[in-house]
Visitor: 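My questions all concern the structure below.
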Amino acid sequence: MNGDTLYSIGELARRTGLTVKTIRFYSDRGIVAPTDRSPAGYRLYTIDAVARLDLVRTLRELGLDLPTIRKVVDRELSLPEVAAAHAEALAAQIQVLRLRRAVLTAVAERGSTPEETELMHRLAQLSEDERRRLIGEFLNAAFGGLDAAPAFAGVMRSITPELPDDPEAEQVQAWVELAEMSLDPDFRAIVRRMAEDLAAEQVRSETTGPRRDIAATVRDQVGPALTIGLDPASPQADPIVASFTAHYAHLLGRPDDVELRRRLATRLESVNDPRWERYLQLLAVVNGWPAPESLAPVFDWSVQALHVRIRTRQ
(Lines give C-alpha, C1' and ligand atoms only; values in the text may rest on other atoms or scores of the structure.)
Protein backbone atom coordinates (compact mmCIF):
# COMPACT_ATOMS: atom_id res chain seq x y z
CA MET A 1 0.00 0.00 0.00
CA ASN A 2 1.33 3.43 -0.81
CA GLY A 3 0.12 6.97 -0.36
CA ASP A 4 -0.83 7.29 -4.06
CA THR A 5 -3.44 4.53 -3.95
CA LEU A 6 -7.02 5.77 -4.29
CA TYR A 7 -10.02 4.12 -2.66
CA SER A 8 -13.69 4.12 -3.47
CA ILE A 9 -16.36 4.83 -0.86
CA GLY A 10 -17.07 1.08 -0.67
CA GLU A 11 -13.42 0.34 0.10
CA LEU A 12 -13.35 3.08 2.76
CA ALA A 13 -16.48 1.58 4.30
CA ARG A 14 -14.80 -1.82 4.59
CA ARG A 15 -11.68 -0.30 6.16
CA THR A 16 -13.45 1.97 8.66
CA GLY A 17 -16.57 -0.02 9.51
CA LEU A 18 -18.74 2.98 8.57
CA THR A 19 -21.59 2.64 6.11
CA VAL A 20 -21.32 3.95 2.56
CA LYS A 21 -24.24 6.25 3.34
CA THR A 22 -22.41 7.74 6.35
CA ILE A 23 -19.19 8.33 4.41
CA ARG A 24 -21.13 9.96 1.58
CA PHE A 25 -22.88 12.16 4.17
CA TYR A 26 -19.53 13.34 5.61
CA SER A 27 -18.16 13.81 2.09
CA ASP A 28 -21.13 15.95 1.01
CA ARG A 29 -20.49 18.25 3.99
CA GLY A 30 -16.82 18.66 3.17
CA ILE A 31 -15.59 16.87 6.28
CA VAL A 32 -13.89 14.10 4.25
CA ALA A 33 -13.53 15.46 0.74
CA PRO A 34 -12.63 13.16 -2.18
CA THR A 35 -9.19 13.51 -3.72
CA ASP A 36 -10.28 12.59 -7.21
CA ARG A 37 -13.04 10.92 -9.23
CA SER A 38 -13.03 7.82 -11.40
CA PRO A 39 -13.75 8.01 -15.16
CA ALA A 40 -17.32 7.01 -14.27
CA GLY A 41 -17.59 9.92 -11.80
CA TYR A 42 -17.25 7.95 -8.54
CA ARG A 43 -15.48 9.61 -5.63
CA LEU A 44 -11.98 8.43 -4.77
CA TYR A 45 -10.03 8.98 -1.57
CA THR A 46 -6.46 8.57 -0.33
CA ILE A 47 -5.46 6.48 2.70
CA ASP A 48 -5.52 9.70 4.77
CA ALA A 49 -9.32 9.57 4.58
CA VAL A 50 -9.29 6.44 6.75
CA ALA A 51 -7.57 8.25 9.62
CA ARG A 52 -9.79 11.28 9.10
CA LEU A 53 -12.95 9.16 9.25
CA ASP A 54 -11.72 7.37 12.38
CA LEU A 55 -11.26 10.76 14.06
CA VAL A 56 -14.67 11.95 12.90
CA ARG A 57 -16.35 8.83 14.28
CA THR A 58 -14.58 9.24 17.63
CA LEU A 59 -15.57 12.88 17.94
CA ARG A 60 -19.18 12.10 16.98
CA GLU A 61 -19.33 9.38 19.63
CA LEU A 62 -18.07 11.95 22.13
CA GLY A 63 -20.98 14.21 21.18
CA LEU A 64 -19.32 16.96 19.13
CA ASP A 65 -21.42 18.63 16.46
CA LEU A 66 -20.46 18.40 12.77
CA PRO A 67 -19.44 22.08 12.27
CA THR A 68 -16.99 21.78 15.18
CA ILE A 69 -15.69 18.45 13.91
CA ARG A 70 -15.02 19.94 10.48
CA LYS A 71 -12.99 22.76 12.04
CA VAL A 72 -11.01 20.23 14.11
CA VAL A 73 -10.15 17.95 11.18
CA ASP A 74 -9.29 20.99 9.06
CA ARG A 75 -7.07 22.18 11.94
CA GLU A 76 -8.99 25.41 12.26
CA LEU A 77 -9.57 24.53 15.93
CA SER A 78 -7.22 22.92 18.45
CA LEU A 79 -8.50 19.49 19.47
CA PRO A 80 -7.37 19.90 23.12
CA GLU A 81 -9.24 23.20 23.36
CA VAL A 82 -12.35 21.69 21.84
CA ALA A 83 -12.10 18.68 24.16
CA ALA A 84 -11.75 20.92 27.22
CA ALA A 85 -14.77 23.03 26.25
CA HIS A 86 -16.84 19.95 25.50
CA ALA A 87 -15.84 18.29 28.79
CA GLU A 88 -16.94 21.42 30.65
CA ALA A 89 -20.28 21.41 28.87
CA LEU A 90 -20.76 17.73 29.66
CA ALA A 91 -19.99 18.38 33.33
CA ALA A 92 -22.75 20.98 33.43
CA GLN A 93 -25.16 18.56 31.76
CA ILE A 94 -24.22 15.82 34.24
CA GLN A 95 -24.89 18.20 37.12
CA VAL A 96 -28.35 18.98 35.74
CA LEU A 97 -29.09 15.29 35.26
CA ARG A 98 -28.00 14.53 38.82
CA LEU A 99 -30.30 17.22 40.15
CA ARG A 100 -33.21 15.87 38.13
CA ARG A 101 -32.49 12.30 39.22
CA ALA A 102 -32.30 13.34 42.88
CA VAL A 103 -35.63 15.17 42.73
CA LEU A 104 -37.39 12.38 40.84
CA THR A 105 -36.02 9.77 43.25
CA ALA A 106 -37.25 11.79 46.22
CA VAL A 107 -40.67 12.24 44.62
CA ALA A 108 -40.92 8.49 43.97
CA GLU A 109 -39.80 7.50 47.47
CA ARG A 110 -41.86 10.06 49.38
CA GLY A 111 -45.00 10.09 47.26
CA SER A 112 -44.77 13.86 47.02
CA THR A 113 -47.59 16.15 45.97
CA PRO A 114 -47.16 18.45 42.94
CA GLU A 115 -46.55 21.37 45.35
CA GLU A 116 -43.86 19.46 47.24
CA THR A 117 -42.28 18.38 43.97
CA GLU A 118 -42.09 21.99 42.80
CA LEU A 119 -40.44 23.02 46.09
CA MET A 120 -37.90 20.20 45.88
CA HIS A 121 -37.07 21.16 42.31
CA ARG A 122 -36.50 24.80 43.30
CA LEU A 123 -34.34 23.82 46.28
CA ALA A 124 -32.22 21.52 44.13
CA GLN A 125 -31.64 24.33 41.60
CA LEU A 126 -30.36 26.89 44.13
CA SER A 127 -26.95 28.41 43.48
CA GLU A 128 -24.21 28.21 46.11
CA ASP A 129 -24.93 31.77 47.26
CA GLU A 130 -28.65 31.02 47.49
CA ARG A 131 -27.97 27.88 49.52
CA ARG A 132 -25.76 29.86 51.89
CA ARG A 133 -28.45 32.50 52.36
CA LEU A 134 -31.10 29.89 53.08
CA ILE A 135 -28.96 28.13 55.69
CA GLY A 136 -27.83 31.49 57.08
CA GLU A 137 -31.46 32.43 57.69
CA PHE A 138 -32.04 29.10 59.42
CA LEU A 139 -28.99 29.51 61.68
CA ASN A 140 -29.94 33.09 62.50
CA ALA A 141 -33.44 31.96 63.48
CA ALA A 142 -31.88 29.35 65.77
CA PHE A 143 -28.97 31.28 67.30
CA GLY A 144 -29.54 34.97 66.58
CA GLY A 145 -29.56 37.32 69.57
CA LEU A 146 -28.49 34.79 72.18
CA ASP A 147 -26.12 36.02 74.88
CA ALA A 148 -23.70 33.16 74.30
CA ALA A 149 -23.43 33.83 70.55
CA PRO A 150 -19.58 33.83 70.50
CA ALA A 151 -19.60 30.33 71.97
CA PHE A 152 -21.89 29.15 69.18
CA ALA A 153 -19.50 29.84 66.31
CA GLY A 154 -18.15 26.29 66.41
CA VAL A 155 -21.63 24.83 66.89
CA MET A 156 -22.99 26.67 63.85
CA ARG A 157 -20.06 25.57 61.71
CA SER A 158 -20.61 21.97 62.78
CA ILE A 159 -24.25 21.98 61.60
CA THR A 160 -23.76 23.91 58.35
CA PRO A 161 -24.27 21.86 55.17
CA GLU A 162 -21.69 22.36 52.41
CA LEU A 163 -22.86 20.75 49.17
CA PRO A 164 -19.74 20.00 47.06
CA ASP A 165 -19.30 21.43 43.56
CA ASP A 166 -19.79 18.00 41.99
CA PRO A 167 -22.25 16.26 44.34
CA GLU A 168 -23.51 12.72 44.08
CA ALA A 169 -27.23 12.22 43.58
CA GLU A 170 -27.58 11.06 47.20
CA GLN A 171 -26.00 14.31 48.42
CA VAL A 172 -28.38 16.41 46.33
CA GLN A 173 -31.33 14.41 47.61
CA ALA A 174 -30.15 14.83 51.22
CA TRP A 175 -29.65 18.57 50.63
CA VAL A 176 -33.21 18.97 49.35
CA GLU A 177 -34.68 17.25 52.41
CA LEU A 178 -32.39 19.17 54.77
CA ALA A 179 -33.31 22.48 53.12
CA GLU A 180 -37.00 21.66 53.47
CA MET A 181 -36.46 20.99 57.18
CA SER A 182 -34.61 24.28 57.64
CA LEU A 183 -37.65 26.12 56.22
CA ASP A 184 -40.09 24.37 58.59
CA PRO A 185 -41.14 26.77 61.42
CA ASP A 186 -41.71 23.85 63.82
CA PHE A 187 -38.22 22.51 63.22
CA ARG A 188 -36.73 25.97 63.60
CA ALA A 189 -38.50 26.25 66.96
CA ILE A 190 -36.99 22.93 68.08
CA VAL A 191 -33.45 24.03 67.21
CA ARG A 192 -34.06 27.45 68.79
CA ARG A 193 -35.09 25.82 72.04
CA MET A 194 -31.97 23.65 72.08
CA ALA A 195 -29.87 26.74 71.39
CA GLU A 196 -31.51 28.66 74.23
CA ASP A 197 -30.90 25.78 76.64
CA LEU A 198 -27.29 25.61 75.55
CA ALA A 199 -26.95 29.38 75.88
CA ALA A 200 -28.19 29.27 79.48
CA GLU A 201 -25.56 26.66 80.28
CA GLN A 202 -22.82 28.54 78.43
CA VAL A 203 -23.58 31.84 80.19
CA ARG A 204 -23.19 30.13 83.55
CA SER A 205 -20.01 28.42 82.41
CA GLU A 206 -18.42 31.72 81.40
CA THR A 207 -18.37 32.79 85.05
CA THR A 208 -17.17 29.48 86.49
CA GLY A 209 -14.90 28.10 83.76
CA PRO A 210 -15.56 25.89 80.73
CA ARG A 211 -17.92 22.94 81.22
CA ARG A 212 -18.90 19.98 79.11
CA ASP A 213 -22.28 20.07 77.41
CA ILE A 214 -24.79 18.00 79.40
CA ALA A 215 -25.70 15.90 76.35
CA ALA A 216 -22.06 14.83 75.95
CA THR A 217 -21.81 14.03 79.66
CA VAL A 218 -24.99 11.93 79.59
CA ARG A 219 -23.75 10.10 76.50
CA ASP A 220 -20.46 9.15 78.15
CA GLN A 221 -21.98 8.11 81.47
CA VAL A 222 -25.03 6.25 80.19
CA GLY A 223 -23.30 4.44 77.34
CA PRO A 224 -21.74 1.74 79.56
CA ALA A 225 -25.11 1.16 81.29
CA LEU A 226 -26.73 0.49 77.93
CA THR A 227 -23.93 -1.86 76.97
CA ILE A 228 -24.59 -4.12 79.97
CA GLY A 229 -28.38 -3.79 79.68
CA LEU A 230 -28.88 -1.99 82.99
CA ASP A 231 -32.54 -1.20 83.76
CA PRO A 232 -32.92 2.60 84.14
CA ALA A 233 -35.43 2.04 86.97
CA SER A 234 -33.13 -0.26 88.97
CA PRO A 235 -31.28 0.86 92.12
CA GLN A 236 -28.01 0.04 90.35
CA ALA A 237 -28.72 2.97 88.01
CA ASP A 238 -28.92 5.47 90.91
CA PRO A 239 -25.20 6.41 90.90
CA ILE A 240 -25.25 7.04 87.14
CA VAL A 241 -28.30 9.31 87.37
CA ALA A 242 -26.88 11.09 90.41
CA SER A 243 -23.64 11.72 88.54
CA PHE A 244 -25.11 13.40 85.47
CA THR A 245 -27.76 15.32 87.47
CA ALA A 246 -24.99 16.62 89.75
CA HIS A 247 -23.09 17.75 86.67
CA TYR A 248 -26.18 19.57 85.38
CA ALA A 249 -26.79 21.18 88.76
CA HIS A 250 -23.20 22.41 88.84
CA LEU A 251 -23.52 23.60 85.24
CA LEU A 252 -26.52 25.79 86.09
CA GLY A 253 -25.49 26.69 89.61
CA ARG A 254 -28.69 25.21 91.06
CA PRO A 255 -29.44 22.45 93.60
CA ASP A 256 -30.06 18.90 92.37
CA ASP A 257 -33.77 18.81 93.19
CA VAL A 258 -36.98 17.65 91.52
CA GLU A 259 -37.30 20.85 89.52
CA LEU A 260 -33.79 20.56 88.13
CA ARG A 261 -34.41 16.95 87.14
CA ARG A 262 -37.63 17.92 85.39
CA ARG A 263 -35.72 20.60 83.50
CA LEU A 264 -33.00 18.12 82.56
CA ALA A 265 -35.57 15.58 81.35
CA THR A 266 -37.12 18.26 79.14
CA ARG A 267 -33.68 19.25 77.88
CA LEU A 268 -32.82 15.68 76.91
CA GLU A 269 -36.22 15.13 75.29
CA SER A 270 -35.57 18.21 73.16
CA VAL A 271 -32.15 16.97 72.06
CA ASN A 272 -33.70 13.56 71.40
CA ASP A 273 -36.24 14.88 68.90
CA PRO A 274 -36.15 12.52 65.88
CA ARG A 275 -36.22 15.48 63.50
CA TRP A 276 -32.94 16.75 64.93
CA GLU A 277 -31.38 13.31 64.54
CA ARG A 278 -32.61 13.23 60.95
CA TYR A 279 -31.04 16.64 60.30
CA LEU A 280 -27.67 15.35 61.54
CA GLN A 281 -27.97 12.25 59.36
CA LEU A 282 -28.70 14.35 56.29
CA LEU A 283 -25.91 16.77 57.19
CA ALA A 284 -23.41 13.91 57.21
CA VAL A 285 -24.54 12.79 53.75
CA VAL A 286 -24.36 16.30 52.27
CA ASN A 287 -20.93 17.02 53.76
CA GLY A 288 -19.53 13.56 53.03
CA TRP A 289 -18.99 12.78 56.71
CA PRO A 290 -19.33 9.37 58.39
CA ALA A 291 -22.87 8.58 59.49
CA PRO A 292 -23.41 9.87 63.06
CA GLU A 293 -24.10 7.46 65.89
CA SER A 294 -27.70 7.52 67.05
CA LEU A 295 -27.94 8.81 70.63
CA ALA A 296 -31.66 8.08 70.90
CA PRO A 297 -31.11 4.96 73.09
CA VAL A 298 -28.90 6.97 75.47
CA PHE A 299 -31.41 9.80 75.83
CA ASP A 300 -34.39 7.42 76.05
CA TRP A 301 -32.68 5.60 78.93
CA SER A 302 -31.76 8.86 80.67
CA VAL A 303 -35.23 10.40 80.40
CA GLN A 304 -36.85 7.22 81.66
CA ALA A 305 -34.41 7.05 84.58
CA LEU A 306 -35.11 10.70 85.46
CA HIS A 307 -38.90 10.31 85.37
CA VAL A 308 -38.73 7.26 87.67
CA ARG A 309 -36.74 9.18 90.25
CA ILE A 310 -38.81 12.36 89.91
CA ARG A 311 -41.90 10.35 90.84
CA THR A 312 -40.22 8.82 93.90
CA ARG A 313 -39.18 12.29 95.15
CA GLN A 314 -42.67 13.78 94.91
Side-chain angles (χ1 to χ4, degrees), residues 99 102-103 106 110 112-113 115-164 167 171-206 210-216 218-219 248 251-252 263-289 291-292 294-296 299 303:
L99 292 175
V103 171
R110 296 163 58 179
S112 302
T113 65
E115 293 76 16
E116 291 169 336
T117 301
E118 182 181 358
L119 175 60
M120 284 190 288
H121 180 63
R122 285 195 289 106
L123 291 174
Q125 300 272 347
L126 293 180
S127 67
E128 181 179 356
D129 286 343
E130 290 169 331
R131 292 196 301 269
R132 289 185 182 277
R133 281 197 295 273
L134 186 151
I135 296 301
E137 291 171 1
F138 164 64
L139 294 175
N140 184 63
F143 298 99
L146 296 177
D147 292 338
F152 287 143
V155 175
M156 288 190 287
R157 282 195 301 270
S158 71
I159 63 172
T160 299
E162 296 283 352
L163 192 66
Q171 290 177 297
V172 176
Q173 191 174 342
W175 153 255
V176 169
E177 185 178 345
L178 184 150
E180 285 183 292
M181 292 182 68
S182 72
L183 292 170
D184 183 352
D186 290 339
F187 181 68
R188 289 190 175 196
I190 290 168
V191 181
R192 177 69 182 189
R193 177 167 184 172
M194 288 192 293
E196 289 172 344
D197 289 338
L198 184 58
E201 297 164 10
Q202 291 290 336
V203 168
R204 170 68 183 172
S205 298
E206 287 177 2
R211 305 286 171 79
R212 295 194 71 209
D213 171 61
I214 185 60
V218 169
R219 176 197 63 205
Y248 194 56
L251 196 63
L252 297 183
R263 177 170 178 169
L264 178 54
T266 301
R267 170 88 160 88
L268 296 178
E269 287 170 341
S270 176
V271 176
N272 197 32
D273 190 290
R275 287 169 290 184
W276 175 243
E277 182 169 347
R278 180 59 178 165
Y279 181 93
L280 296 180
Q281 292 169 345
L282 295 169
L283 178 70
V285 175
V286 171
N287 288 359
W289 297 341
S294 174
L295 296 180
F299 296 138
V303 170

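Start at 1 with the first residue, then count along the sequence.
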Visitor: Got a second to check how far F187's CZ is from L178's CG, nearest 0.5 Å?
Guide: 7.5 Å

Visitor: Starting at CD1 of I135, measure out to CE of M156 and round the result to the nearest 0.5 Å.
Guide: 13.0 Å

Visitor: Drop me the distance from L282's CG to E277's CD, to the nearest 0.5 angstrom.
Guide: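 Between atom CG of L282 and atom CD of E277 there are 11.0 Å.
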
Visitor: To the nearest 0.5 angstrom, please state how far the CD atom of E137 sits from the OG atom of S182.
Guide: 8.5 Å

Visitor: W175 and L123: which non-hydrogen atoms are nearest, and at how many Å?
Guide: NE1-O, 3.1 Å

Visitor: Measure across I159 and P161 and return the closest heavy-atom pair with its distance rounded to 0.1 Å.
Guide: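 Smallest interatomic distance, heavy atoms only, reads O-CD, 3.5 Å.
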
Visitor: Closest heavy-atom contact between T266 and R193?
Guide: CG2-NH2, 2.6 Å

Visitor: Calculate, to the nearest 0.5 Å, the distance between atoms NE2 and CD belonging to H121 and E118 respectively.
Guide: 8.5 Å

Visitor: Is the backbone N or O of S158 less than 3.5 Å from a side-chain atom of N287, with the two atoms forming a donor-acceptor pair by type?
Guide: no

Visitor: Does the distance from a Lys or Arg side-chain N to an Asp or Glu carboxylate O, for E162 and R132, drop under 4.0 Å?
Guide: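 Salt bridge between E162 and R132, a charged N being under 4.0 Å from a carboxylate O: yes.
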
Visitor: Test D197 against I214 for side chain to side chain contact (heavy atoms under 4.5 Å, CB included), laying out the working first.
Guide: CA-CA 10 Å; D197 289 338; I214 185 60; over 6 Å; no

Visitor: Assign the ring pair Y279 / F138 to parallel, tilted or perpendicular, where the plane angle (0 to 90°) is split at 30° and 60°.
Guide: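 Tilted, since the angle between the ring planes falls between 30° and 60°.
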
Visitor: Minimum heavy-atom separation for G144 and R192, please, with both atom names.
Guide: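 Here G144 and R192 meet closest at O-NH1, 2.8 Å.
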
Visitor: To the nearest 0.5 Å, what is the distance between CG (L283) and CE (M181)?
Guide: 10.5 Å

Visitor: Take E269 and N272 through the test side chain to side chain contact (heavy atoms under 4.5 Å, CB included) and record every step on the way to the result.
Guide: CA-CA 5 Å; E269 287 170 341; N272 197 32; 5.5 Å; no

Visitor: Minimum heavy-atom separation for A291 to A284, with atom names?
Guide: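 Heavy atoms only, the tightest pair is CA-CB, 4.4 Å.
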
Visitor: Any carboxylate oxygen within less than 4.0 angstrom of a Lys/Arg side-chain nitrogen, looking at D213 and R267?
Guide: yes

